[in-house]
Amino acid sequence: MKNKFVQAILVIALGGALVTSCKPKSSGDAVSGDAAEKAYVAPGKYDEFYNFVSGGFSGQLSVYGLPSGRLFRVIPVFSVDPEKGWGYSEETKPMLNTSHGFVPWDDLHHTEMSQTNGEVDGRWVFGNANNTPRIARIDLKTFKTAEIIELPNSGGNHSSPFITENTEYVVAGTRFSVPADYSNGDVPINTYKENYKGHISFVSVDKKSGEMDLAFQIVTPGVNFDLSHAGKGKSHGWFFFSCYNTEQANTLLEVNASQKDKDFIMAVNWKKAEEYIKAGKGKKQKVKYAHNTWDEHTHSAKSVMKDEVLVLDASELKDICYMIPCPKSPHGCDVDPTGEFIVGSGKLAALIPVFSFDKLQAAIKGKKFEGNYGGIPVVKYEAALHGEVQKPGLGPLHTEFDGKGNAYTTFFVSSEVVKWDIKTLKVLDRVPTYYSVGHLCIPGGDSKKPFGKYLVAYNKITKDRYLPTGPELAQSAQIFDISGDKMKLILDFPTIGEPHYAQAAPADLIRNNGQLKFYKLDDNKHPYAAKGEKEAKVVREGNKVHVYMTSIRSHFAPDNIEGVFLGDEVYFHVTNLEQDWDVPHGFAVKGANNGELLIMPGETTTLKWVPDRVGTFPFYCTDFCSALHQEMQGYIRVSPKGSNVPLQFSLGTNLPATK
């Protein structure tokens, strides 16, 4: 074991030396002469693809254009965002509610686009919360987070949010196995093997609305689930997960979870699991988790706390889960467009195993097992193996496909992307990345119909690529043209956060799919909406003051408010009266202990403000909206508690009379 560990450390150290001490010899001439032309998108022209990139530790989702690499938008998901008021406005606060209360940050690692018949359909993007386990659904008609569901019985949510080929389910595997929520968690940590369990969550998705529901969970032995992908085509009805720490260590995993030569790919027959659910084999367990949804009519979110989940036990139901041995510490788990080949990527392996779905089925039917793991049958390695890609590189992580029979795998340690033939397993091409590449993205690359043409590598280190910015450098993405036999680097660009997984789809599929340009005022059902300046008013309810405010280029109504007392809670309900595309208004008041509002055309949004002193406080529009944007302001007067100042408001009435 010690020799194997030393070998692994030497491999990692060698990779680190490659990154930090020198750059690849080809770094100066890696970009071909026509690269600028291939990546150039002229002014007034559109990119070919939307690229949805996880923000990693930022907790947000960023949207880039391909091939330009231009940043279009940052969509707030799991972290508060003062730019858009996400998590600050009264309407959005419930979206960040959990069973632990309001959680203002999370770690978004992976994105997954909805599919129909195994093809990207451009309706929704799903994202995972890695820290406090949740799944989010982002609506691509509004580019806004529409729903977040919390996952009980999970210590972390990394192996998520991967989908079945008709978006029947979004699936998640727990990153950190822990005692189940419905069991006693107050147990010694060193009783891991006895008391810690994994749970795989199957979240159903309504075909029309997209609304999610935690359909059922499968309890598994206490392993760490890293990544996953669904079967497709012939393997539709199955799901595949990479598992590490099959040693079930609870300390110094760097050493103790690297002892065995092989960990596992877990194959899950979710169609069979559905049959057991219908047969009443599931057990209802008491748990607590939040389900948060956004209402486009009321422009508000609601959070509902749920208390039950249906659980199947994989150790009792022997034909829903199977373990396939895979070289140690597997990370990526990827399925080719035909659904026949499953690629596992052992981070400490010098080869890539490729498994055959047909061989797996034959092995299960012929009971070609080598015992069991925690009650789950272990399929013999050779019985499920299609073959191994030999000497592809160091530190394989993730694989995507171009739909032409080729696979592309990233190598973290040797900092490269390698192209290989899925059937023959021969290496066809390799290109360096700068540096330590993690995930990669080919538009539609994990679907039945990849769009090919471009490959984007998401790198962890960017030494010598950009202007230095102190101790931390920019995160990096690099675009390769893969339309020919050889991969060609055409552009690199910085990204927000630490990008992990990303997905991309043709721009026309999304922008011509009924995208919302503004909210119709007539459809605004917000309870505090003011749909015209005549409806603007200020109302006192005890110590709560509700301001029904409108905004339009270039003033607020009302813009003078008096009769607010120290100790009051003031709620600014601002309705943007604009009925034109791309004319948001902002709202901020001095001393507000939260953020600003950014109100879309036709939308109503609320800012809560509790003044902490007597005085007069200005408020203003924060989003440049017109030539007279600077004049778009107002005042609110705060008097001592118990004053005789009447509650009053006005717009333009204190100007000198004109003749």
**Residues that Asp492 engages under salt bridge (charged side-chain N to carboxylate O under 4.0 Å, His left out), provided they are two or more places apart** = Arg465
**Prompt:** Checking salt bridge (charged side-chain N to carboxylate O under 4.0 Å, His left out) for the pair Arg430/Glu416: CA distance, chi angles, key distance, verdict?
**Reply:** CA-CA 7 Å; Arg430 65 179 69 237; Glu416 59 185 332; 3.0 Å; yes
**Prompt:** So Asp481 and Lys38, salt bridge (charged side-chain N to carboxylate O under 4.0 Å, His left out) or not? Walk me through it.
**Reply:** CA-CA 8 Å; Asp481 180 352; Lys38 290 183 177 180; 2.9 Å; yes
**Request:** Would you sort out whether Lys232 and Asp446 count as a salt bridge (charged side-chain N to carboxylate O under 4.0 Å, His left out), showing the intermediate values?
**Result:** CA-CA 10 Å; Lys232 53 179 73 77; Asp446 75 338; over 6 Å; no
**Prompt:** Going by heavy atoms in the side chains, are His331 and His398 under 4.5 Å from each other?
**Reply:** yes
**Message:** Quiz question: by atom type and distance under 3.5 Å, do the side chains of Asn459 and Gln478 form a donor-acceptor pair?
**Reply:** yes
**Asked** Aromatic ring centroids of His229 and Phe162 under 6.0 Å?
**Response** yes
**Prompt:** Roughly how far apart are Arg175 CZ and Asp107 CG, rounded to 0.5 Å?
**Reply:** 8.0 Å
**Asked** Is the Tyr50 ring parallel, tilted or perpendicular to the Phe52 ring (thresholds 30°, 60°)?
**Response** parallel
**Message:** Within the 3.5 Å criterion, strictly below it, is a donor on Ser228 or Ser159 matched to an acceptor on the partner's side chain?
**Reply:** yes
**Fill in**
Nearest heavy-atom contact between Val417 and Ala457 is CG2-CB, 4.4 Å
**Asked** Side chains of Lys453 and Glu48: does their closest heavy-atom pair fall under 4.5 Å?
**Response** yes
**Request:** Can you tell me which residue pairs pass the side-chain hydrogen bond (donor to acceptor under 3.5 Å, both in side chains) test with a partner in residues 56-66, sequence neighbours excluded?
**Result:** none
**Message:** Closer than 3.5 angstrom, by distance alone: can the side chain of Ser114 be matched with the main-chain N or O of Thr167 as a donor-acceptor pair?
**Reply:** no
**Request:** Measure the shortest side-chain to side-chain distance between Thr251 and Asn256 over non-hydrogen atoms and say whether it is less than 4.5 angstrom.
**Result:** yes
**Request:** Heavy atoms only: give me the nearest Pro221-Ser177 pair and the separation to one decimal.
**Result:** O-OG, 4.2 Å
**Asked** Within 45° of the ring axis of Tyr435 and under 6.0 Å from its six-membered ring centre, is that where the NZ or CZ of Lys460 lies?
**Response** no
**Residue pair Asn157 / Ser160, side-chain donor-acceptor N/O under 3.5 Å** = yes
**Prompt:** Below 4.5 Å, heavy atoms only, C-beta onward: do Leu61 and Val53 meet side chain to side chain?
**Reply:** no
**Asked** Taking all atoms of both residues into account, what is the closest heavy-atom pair of Leu348 and Ser329, and its distance?
**Response** CD1-OG, 4.3 Å
**Message:** Is it the case that the ring center of His386 lies less than 6.0 angstrom away from the ring center of Phe341?
**Reply:** yes
**Check: Lys359 and Glu340 side chains under 4.5 Å, non-hydrogen atoms** = no
**Prompt:** Is the shortest distance from a Lys or Arg side-chain nitrogen in Lys260 or Glu247 to a carboxylate oxygen in the other one below 4.0 Å?
**Reply:** no
**Val203 and Leu151, any side-chain heavy atoms less than 4.5 Å apart** = yes
**Message:** Tell me whether Asp106 contacts the main-chain N or O of Asn131 through its side chain, where contact means a donor paired with an acceptor under 3.5 Å.
**Reply:** yes
**Prompt:** SG of Cys321 to CH2 of Trp238: how many Å apart, nearest 0.5 Å?
**Reply:** 9.0 Å
**Request:** Step through it carefully: locate the ring centre of Phe355, locate the ring centre of Phe357, and say whether they are under 6.0 Å apart.
**Result:** no
**Message:** Rounded to the nearest 0.5 Å, what separates atom CD1 in Ile200 from atom CG in Asn153?
**Reply:** 12.5 Å
**Prompt:** Nearest 0.5 Å, what's the OG1-OH distance between Thr220 and Tyr373?
**Reply:** 9.0 Å
**Gap separating the CD atom of Glu168 from the NZ atom of Lys271, nearest 0.5 angstrom** = 6.0 Å
**Fill in**
Between Val125 and the options Gln503, Glu112, Met113, the side chain to side chain contact (heavy atoms under 4.5 Å, CB included) test singles out Met113
**Message:** Exactly one of Leu491, Val456, Val41 should register a side chain to side chain contact (heavy atoms under 4.5 Å, CB included) with Leu66. Which one does?
**Reply:** Val456
**Asked** Has Leu252 got more than 12 heavy atoms of other residues, nucleotides or ligands less than 6.0 Å from its CG?
**Response** yes
**Prompt:** Take atom NZ in Lys318; do more than 12 heavy atoms of anything else shown fall under 6.0 Å from it?
**Reply:** yes
**Shortest non-hydrogen contact from Asp263 toward Cys243** = CB-O, 3.1 Å
**Prompt:** Is there side-chain contact between Ser201 and Gln217, with at least one heavy-atom pair below 4.5 Å?
**Reply:** yes
**Fill in**
Which of Tyr434, Tyr466, Phe493 passes side chain to side chain contact (heavy atoms under 4.5 Å, CB included) with Ser476? It is Tyr466
**Item:** Partner of Val389 by side chain to side chain contact (heavy atoms under 4.5 Å, CB included), out of Ile352, Asp421, Ile422, Thr399
**Value:** Ile352
**Prompt:** On the ring face of Phe411, is Lys347 found with NZ or CZ under 6.0 Å from the centre and within 45° of the axis?
**Reply:** no
**Smallest separation among heavy atoms of Ala505 and Val120, with atom names** = CB-CG1, 3.8 Å
**Prompt:** Once you round to the nearest 0.5 Å, how far does OG of Ser242 lie from CG of Leu227?
**Reply:** 5.0 Å
**Test item: Ser447 and Gln115 side chains (from C-beta on) under 4.5 Å apart, heavy atoms** = yes
**Carboxylate-amine/guanidinium contact Asp47 Arg70, below 4.0 Å** = yes
**Asked** Do you see a donor-acceptor pair shorter than 3.5 Å between the side chains of Trp420 and Thr409?
**Response** yes
**Asked** Are the ring centres of His439 and His109 closer than 6.0 Å?
**Response** no
**Prompt:** Looking only at heavy atoms, what is the nearest atom pair of Ala273 and Ile320, with distance?
**Reply:** N-CG2, 3.8 Å
